[in-house]
Amino acid sequence: MVATLFEKVWDQHYVCQETEETPAVLYIDTHLIHEVTSPQAFQMLRDNNLKLRRPDRTFATCDHSTPTTKPNSLGEYQFFGEQEKNQVEQLKKNCAEFSVPLYELGNQKQGIVHVIGPERGITQPGQTIVCGDSHTSTHGAFGALAFGIGTSEVGYTFATQCILQRKPKTFGIEINGALSSGVTAKDIILAIIRQIGIGGATGHVIEYFGSTIDELSMDERMTICNMSIEAGAKAGMIAPDQTTFDFLEGKEFVPKGKDWDIAVSGWKELYTDDGAQFDRRILIDASKIEPMITYGTNPQMGIKIGEVIPSNNETQALKYMGLEEQQNLSGKSVDVVFIGSCTNSRISDLREAAKIFKDRKVAQHVRALIVPGSHEIKQQAENEGIANVFISAGAEWREPGCSMCLGMNGDIIQDKQFCVSTSNRNFEGRQGKGGRTLLASPLTAAAAAVTGRVTDPRELLARNDAITEACEHG
Amino acid sequence: MDKFTSIQSKVVVLNIENIDTDQIIGSDHLKITDKKGLGKHLFADWRYLENAQPNPDFVLNQADNASSQVLVAGDNFGCGSSREHAPWALLDFGIKVVISSSIADIFSNNAFKNGLLPIKVSKQQHDFLLAHHGDEISIDLQNQRISCADQPFSFEVEAFSRYCLLNGLEQLDFLLGQMPQIKQYEKKYSKEPV
């Protein structure tokens, strides 16, 4: 029988099938946890006198409440406040009590939970992965079924390694064609969310496929799957291929030697069969996608840079943003630029941004904050000289964490400030009370940092090319 | 968990689409390590003025609505973050039912597990309820019936969540009862602890 990628993974993971009366009991291979959504779940174990069943399949890190400044000379981290410090200390105590491995602050393997899972090879094709964080959809880039859960389900997973789930519907998004220069994975997903809407995939698992997806790196695929939740999707998935296997080979937690070969041959079966039906399906022409930017207070409110804000009766959103219908965002002065988050803080994101920052300066009125997704990425960027490009340009080069994506650690923007951000949500107050978020790619964010205005990054990339050409002919 | 059978209350309407969980409870209030006291921070950015005084124009601050237990919200309620703090905050404030034409998946899952009933209704029913702010509404979970302004209609609800709410059962207990099957699954797929 033919099946979609999602159905293949689902069928390998139900302990009991769903019936009219009861949902499926779904087995979870990998449980990722962090300091914000786990404390009450650990308490649930204590209250019910339960053990954490599979500490060997549970991995913890701290990322949301952690400072992105360096520790002082005594090695002490400067938390924003006592609550943040307490939350991180609580995680440490809980992990010690229940024998959960923890990448704590200062550990060279620490970073944003959705960055380090793949980086360590904890994330693998065909797995079920949950985490008390909606951007768990990121891991679907590897052909895993990965989704965010609430704290109750974090507790259920602790206690049983299972959760209860109704089988979601499937949504195929086929993307074909070559991307133009200056257009990134972030622009693809912002264009998709604009098209299908913020609730457009509610109740569905999206599978992305097509020639455009085939050509994308794992970093780019993660950016796309990461924002599936911003269209309401349960999860986003991409079938694993040679790009996936090359990324994973040799990582800490993946099988080695003969076991690797066996694993890969199993993973190669994870694709949607010819003739398998999605409940819903759309086709996207990648060649028509251009650099995107959002103007409103949810991720569906996006436009191509250079387009005007549409007249969609989004009065409250535009009032909050201090913008108007038919206004062109190009040239709009910005105050802050944030490059980071589980959406866009990986090495290829930083390399892209560095193309723009190289030999340029951050505009005088702009604060540019660059926050790598993990210590490993930070180290790599420093080794490659990218970090120096940022620092020479006048940007702040920070320690890894979620940072200004949601501002829990004190990295926030001020009331009415405009921030071009590579994060995933432009909700009211998300980056700071009254703050105005414009979501965009790392290229577009970097372009805004150096010009001080919303700028199509292709203008700067073209100038880069012209300079290179002049030098070569010089 | 307390049993949830039926509710009679006034309707409070918050006719804003895509109310996200950041709006329901801001990330400033996710720093607690228990579940208590979040009601005062519910919809904080809309509910309080800059001087921290209640905004008299915000619907939940108006005396007539202070005791309403049924919130009718715009389409796609609860989108965004997976924070269970959102249903904790609504319940702590006194809301026991949220009705909309679409409710985000993770929010719905989280709501049921805490005794908050999320109800998805048709566009037509939604429009009807949005127009009945302040009216009496009764919600009968046993019979899956809503009645407002003498207009009765039925609603769909996931069967297992309904059963747990009606009987005051924790979903965890059902899962714990599945342990033999879970262990069998682990054995079959060689997923036992090493």
Side-chain angles (χ1 to χ4, degrees), chain A residues 12 15-16 20-23 25 27 29 36-37 39-40 43-44 48 50 54 56-57 64-65 81 83-84 86-87 90 132-134 136 147-153 155-156 159-164 166 168 198-199 202-203 229-230 232 234 298 300 316 406-408 425 427-430 433, chain B residues 16-18 20-23 26-28 30-35 44-46 50 75-77 79-88 101-107 109-114 158-161 163 170-176 178-179 181-186 189 191 193-194:
Chain A
Q12 287 172 12
V15 171
C16 305
E20 210 164 289
E21 290 81 32
T22 52
V25 175
Y27 191 80
D29 294 317
V36 178
T37 54
Q40 299 86 350
Q43 192 54 42
M44 190 212 78
N48 291 281
L50 291 165
R54 297 296 300 266
D56 60 323
R57 294 310 310 159
H64 284 64
S65 296
Q83 272 190 313
E84 290 79 356
N86 177 46
Q87 213 167 35
Q90 190 69 49
D133 190 286
S134 59
T136 308
F147 50 88
I149 55 175
T151 297
S152 292
E153 288 183 323
Y156 299 177
T160 67
Q161 203 61 20
C162 288
I163 57 169
L164 294 165
R166 288 286 173 191
I198 182 178
T202 300
I229 180 70
E230 308 315 332
K234 179 100 208 159
N298 71 50
Q300 86 179 14
Q316 179 167 340
L406 80 171
M408 275 192 76
R425 289 189 176 133
F427 296 156
E428 284 184 32
R430 170 95 176 171
K433 193 171 161 60
Chain B
I16 300 173
E17 290 185 1
N18 305 311
D20 57 74
T21 49
D22 274 77
Q23 234 44 65
S27 66
D28 273 2
L30 309 186
K31 296 167 184 177
I32 52 169
T33 51
D34 57 23
K35 305 177 181 179
D45 281 0
W46 295 339
E50 270 169 36
D75 188 56
N76 194 31
F77 184 82
C79 58
S81 151
S82 64
R83 59 190 69 169
E84 200 159 317
H85 308 66
W88 296 339
S101 45
S102 169
I103 301 179
D105 291 334
I106 307 179
F107 177 85
N109 279 335
N110 289 341
F112 277 125
K113 290 174 181 66
N114 290 279
E158 197 277 312
F160 180 72
S161 298
Y163 177 79
E170 298 282 348
Q171 297 194 12
L172 175 64
D173 292 329
F174 174 82
L175 267 174
L176 288 169
Q178 302 292 311
M179 206 48 83
Q181 289 89 326
I182 295 170
K183 286 182 177 161
Q184 217 173 359
Y185 170 89
E186 285 177 328
Y189 283 90
K191 290 181 178 181
V194 279

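Lettering of chains follows the sequences in order, A, B, ..., and the numbering in each one begins at 1.
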(message) Test of understanding: with side chain to side chain donor-acceptor pair (under 3.5 Å), list the residues that count as partners of B/Ser102, not counting sequence neighbours.
(response)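 With neighbours one apart ignored, the set is empty.
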Go through [options] and name the one with the most non-hydrogen pairs under 4.5 angstrom from chain A.
options	value
B/Asn76, B/Asp20, B/Leu30, B/Asn18	B/Asp20
B/Ala159, B/Ser161, B/Pro87	B/Ala159
B/His85, B/Arg83, B/Glu158	B/Glu158

Starting at [atom1] of [X], measure out to [atom2] of [Y] and round the result to the nearest 0.5 Å.
X	Y	atom1	atom2	value
A/Tyr156	B/Glu170	OH	CD	6.0 Å
B/Ser27	A/Phe427	OG	CZ	12.0 Å
B/Asn110	A/Thr151	CG	OG1	7.0 Å
B/Glu17	A/Asn298	CD	CG	9.5 Å
A/Glu21	B/Tyr163	CD	OH	10.5 Å
B/Lys31	A/Glu84	NZ	CD	3.5 Å

Best-contacting candidate, [options], against chain B by heavy atom pairs under 4.5 angstrom:
options	result
A/Pro168, A/Gly155, A/Gly203, A/Ser65	A/Gly203
A/Arg430, A/His64, A/Gln90	A/Arg430
A/Glu20, A/Gln12, A/Glu230, A/Glu153	A/Gln12

Need one label for [X]: side chain, backbone, both or neither, based on atoms under 4.5 Å from any heavy atom in chain B.
X	value
A/Cys162	both
A/Arg425	side chain
A/Gln316	side chain
A/Ile163	backbone
A/Arg57	neither
A/Val36	both
A/Ile149	backbone
A/Gln43	neither

(message) Could you check whether atom NZ of B/Lys183 has more than 12 heavy atoms from other residues, nucleotides or ligands sitting under 6.0 Å from it?
(response)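 No, not enclosed.
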(request) With sequence neighbours excluded, tell me which residues meet ring-ring contact (aromatic ring centres under 6.0 Å, His included) with A/Phe147. (result)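 Not a single residue meets the ring-ring contact (aromatic ring centres under 6.0 Å, His included) criterion with A/Phe147.
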Looking only at non-hydrogen atoms, find the nearest pair between [X] and [Y] and report the distance.
X	Y	answer
A/Ile198	B/Cys79	CD1-SG, 3.8 Å
B/Leu172	A/Ala159	CD1-CB, 4.0 Å
A/Gln40	B/Thr33	NE2-C, 3.7 Å
B/Gly80	A/Ser134	O-CB, 3.7 Å
B/Lys191	A/Asp29	NZ-OD1, 2.8 Å
A/Gly148	B/Ile106	O-CD1, 3.7 Å

(message) Looking at B/Glu186 and A/Arg54, is any side-chain nitrogen of the basic one under 4.0 Å from a carboxylate oxygen of the acidic one?
(response)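 Between B/Glu186 and A/Arg54 there is a salt bridge, with a charged N closer than 4.0 Å to a carboxylate O.
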(message) Could you check whether B/Asp105 pairs with A/Lys234 (Lys NZ or Arg NE/NH1/NH2 to Asp/Glu carboxylate O, under 4.0 Å)?
(response)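 Judged by the 4.0 Å cut-off on N to carboxylate O distance, B/Asp105 and A/Lys234 do not form a salt bridge.
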(request) Check each of B/Lys113, B/Glu84, B/Gln171 against A/Ser152 using the side chain to side chain donor-acceptor pair (under 3.5 Å) test, and report the only one that passes. (result)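 Of all the options given, the one that passes is B/Glu84.
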pair [X]-[Y]: side-chain heavy atoms closer than 4.5 Å:
X	Y	value
A/Asn48	B/Leu176	no
B/Gln178	A/Thr160	no
B/Leu175	A/Leu164	yes

For [X], which atoms come within 4.5 Å of any heavy atom of chain A: side chain, backbone, both, or neither?
X	value
B/Tyr185	side chain
B/Asn114	side chain
B/Ile103	backbone
B/Phe174	side chain

(request) Indicate whether the side chain of A/Glu428 and that of B/Trp46 have a donor and an acceptor atom separated by less than 3.5 Å. (result)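 Yes.
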